[in-house]
Structures are given as C-alpha cells and as structure tokens.
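Since we're looking at a predicted model, the values are computed, not measured.
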Amino acid sequence: MKTDLTDTTASKINKALVKARRAIGTPAVGMVLTLVIVTDEENAYDALKAAGDASREHPSRTLVVIKRVSRSSRDRTQSRLDAEVRVGADAGTGETVVLRLHGEVVDHAQSVVLPLLLPDAPVVVWWPVNAPLDPANDPLGALAQRRVTDTYACEQPVKELAARADAYTPGDTDLSWTRITPWRSMLAAALDQVACQVQGVEVEGEEFNPSCELLAMWLADRLDVPVRRTRSAGPGLTAVRMDTDCGPIVLDRADGSLATLAIQGQPKRAVALKRRDTAELIAEELRRLDPDDTYASALRYGVERLKQENGGDAPAKGEREREAVPAPVESVAKGPAAEATAEAPVKRAAAK
C-alpha cells in the first residue's frame, strides 16, 4: 500500500502510517529498529532495494531522506516536504517513508526525522554516498547508535580512510570493512590449523580499494609483522600471502567468487568467497549495534603507516606486470605492540 503526501508535515506522515497499518490489518508495530538512509535521487532506488531485502532479516522502519536541489534562489528560500508512505508488500517486512526535502528544510532534516523514529528502538543512519567526514557530529548521525558509511563510494577512498580515522567515534562503521569479514574469518581459521609464527604478509588487490587497505591494516595491527600491499587488476581483493616459519599460507581469489586456500603440507582447498551485494552487507551490520572495537583498532593503525617506509608499489604478477606504474599504497610497516611475545601474533589473529 502506498500513500503520497505533498507539502506535508511529520504529524501527517505519522497519521498516514497508522491509517495504512489499519487498512492492511496490522495495527501493531513489529519493527526492531529505525534505519535512516541519507542519499540522493540517483542512488535512492538501489539503497531502498538493499534496505528492503535486509528487512527480511531485520524488520525496520526505513526513512529515506532525499535532499532535493532547488534550481532558483526563490525556491531555496521556500520549504516543502513531500513524502511517500509504503506499508505491506511495498515495504518488505517493515515500513518505508521516502522523504523529499525542498528549500530551507534541507538544512534541518533532523527536525523532520526525529518525530518519525520508533520509540525505544535503536537508530541506524546509513549514507550510501556523500557521507560527512565526521558522521557522529552530523545532525542526523547524532540521532543514531550506529552510523554506516561506505568509503568505496568516495572519489578518493584511501584518503577518506585517514579522515575516518581522525573523526572516529564508537558506533561508526564502514561497508568496506564489512566486505572483508569472510576474508578475516578464513585467514584466522587458516592460522588456527598451524603452529607457526607469521613473518610477513602480502595483500593483493585493486588499486585504491579501501577494503584492501583495511585488511592490510588489520593484519599489521593484529600480527605485528611487515605487511606489503601490492596491486592487481581485481576484482576487489584477489590474494593474501602469509610467510611463516612453516611455509607459506596463500588465500587466492582470482575470479571474485571461488578462492583457493593453500597451506604448506596440506592439500589445496576450494572455498566459497564470493563478492557480496549491498543487502547482505547492510544485514550483517544490523546484526550488531555495539561499537566495533576491531574496526576501530585497524582504522587507527593508519594508511600512512602502511607506506611510511616505501613510496611505490611492487610490480603486479603475471599479465599485470604490463602496468608497472608506481602506486601509492605499497607498504612495509611494523605494528605498535612492542610487548608481544613470539606466539602472540598467531593467537591474536586466530581470536579475531
């Protein structure tokens, strides 16, 4: 069921939600959280589709905030709020309100969103694109327990990671970090199978891919070993090679779907490691609403520390050697844990 409201108010939107629920025979509110999506017209459809798919696992009230650009100075001085209320099959398993803000109200989106939040329920704000540099101090971000951004959608994602580290507040997270969850799980499981000390790591992936940088920072932070970042044609992350005193451990994914895990002295194994869509990433982030301390530690390790000793990337392997152009992300760095024992790096990685 859809209801269109033109030049409306938050009070009228709430009344439309109640009326729509009664019309479809579900007057009770069964949502577990409020998901606020701040986006533009270009990306609204994809974000709303992903949120709808994720609502099957997390029934929620979804508020889509679209700030419309006024063409004339007269329009910019006039405020108008248009809304589209969706309940039932049109909204997945929750409720959806699409808010289009015009004029001066664009600068006061929080005053529109606040009356529409579910009482006594967590609030998550997601910026698919154009996230603020300091999400916690954004007027909408200040309403939320969790703030989700995506540095992969930024024009300069690697530089954006440094800005995220400077402005980090507990509750911030990044879909670029969520994308490497299967990689982190697989690498930790591989280290659990051997009693070896890791001596060095190489992370191979696309140039300027923030997920590659975050994985490299996580490994450097957790293992306290040199981590080298090399470039490939992708897609995304393509390989992680760990040098240990028992032989190499290699996790190689060349096609973005199926990976091969090779451990010295063991047969090679094929493991599923597909690239996940946005709906799966959002669903994972909504499973936990507490601060992600592991992400915070890896982010604060810093991109600059990964490249403080070397200024150019190593040549890529195979056919990628034709692209022998220096890249700004090649690195060798040491982690800060000076007190770590010889066995501690393996234990810390496995625990994560």
Hydrogens and angles aside, do [X] and [Y] bring a side-chain donor and acceptor to less than 3.5 Å of each other?
| X | Y | answer |
| --- | --- | --- |
| D221 | S297 | yes |
| D46 | N43 | no |
| T178 | E285 | yes |
| T96 | T62 | no |
| T294 | R184 | no |
| T151 | D174 | yes |

Can you tell me if NZ on K15 sees more than 12 non-hydrogen neighbours from other groups inside 6.0 Å?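 Open: at most 12 neighbouring heavy atoms sit under 6.0 Å from NZ of K15.
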Roughly how far, to the nearest 0.5 Å, is the [atom2] atom of [Y] from the [atom1] atom of [X]?
| X | Y | atom1 | atom2 | value |
| --- | --- | --- | --- | --- |
| L258 | K274 | CG | NZ | 13.0 Å |
| S79 | D7 | OG | CG | 9.5 Å |
| M217 | W177 | CE | CH2 | 8.5 Å |

Check this for me, if you would: do E57 and R287 make a salt bridge, where the nitrogen-to-carboxylate-oxygen distance has to be below 4.0 angstrom? yes
Would you call R229 and E202 a salt bridge, taking side-chain N to carboxylate O under 4.0 Å as the test? no
Looking at [X] and [Y], would you say the former's side chain and the latter's main chain have a donor-acceptor pair under 3.5 Å?
| X | Y | answer |
| --- | --- | --- |
| T244 | G247 | yes |
| S211 | I180 | no |
| R288 | P291 | yes |
| D150 | L175 | no |
| N137 | D134 | no |
| R253 | L237 | yes |

Could you tell me if R164 sits above the aromatic ring of Y168, with its cationic atom closer than 6.0 Å to the ring centre and no more than 45 degrees from the axis? no
Do R147 and W127 meet the cation-pi criteria used here (NZ or CZ under 6.0 Å from the six-membered ring centre, within 45° of the axis)?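 No, R147 does not lie over the aromatic ring of W127.
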I want to check something: taking the side chain as every heavy atom from C-beta on, are I13 and L99 in contact at a cut-off of under 4.5 Å?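 In short, these two side chains touch, coming nearer than 4.5 Å.
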Any side-chain heavy-atom pair from E204 and R231 closer than 4.5 angstrom? no
State, to 0.1 Å, how close N209 and G236 come at their nearest heavy-atom pair, and which atoms those are. ND2-CA, 3.6 Å
Looking at V124, L63, V123, which hits side-chain contact (heavy atoms from CB on, under 4.5 Å) with L35? V124
Do you know which of V64, L117, L143 makes side-chain contact (heavy atoms from CB on, under 4.5 Å) with V36?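 For V36, the side-chain contact (heavy atoms from CB on, under 4.5 Å) test succeeds with only one of V64, L117, L143, which is L117.
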Worked verdict on K268 versus D252 for salt bridge (charged side-chain N to carboxylate O under 4.0 Å, His left out): CA-CA 11 Å; K268 292 184 179 181; D252 192 339; over 6 Å; no
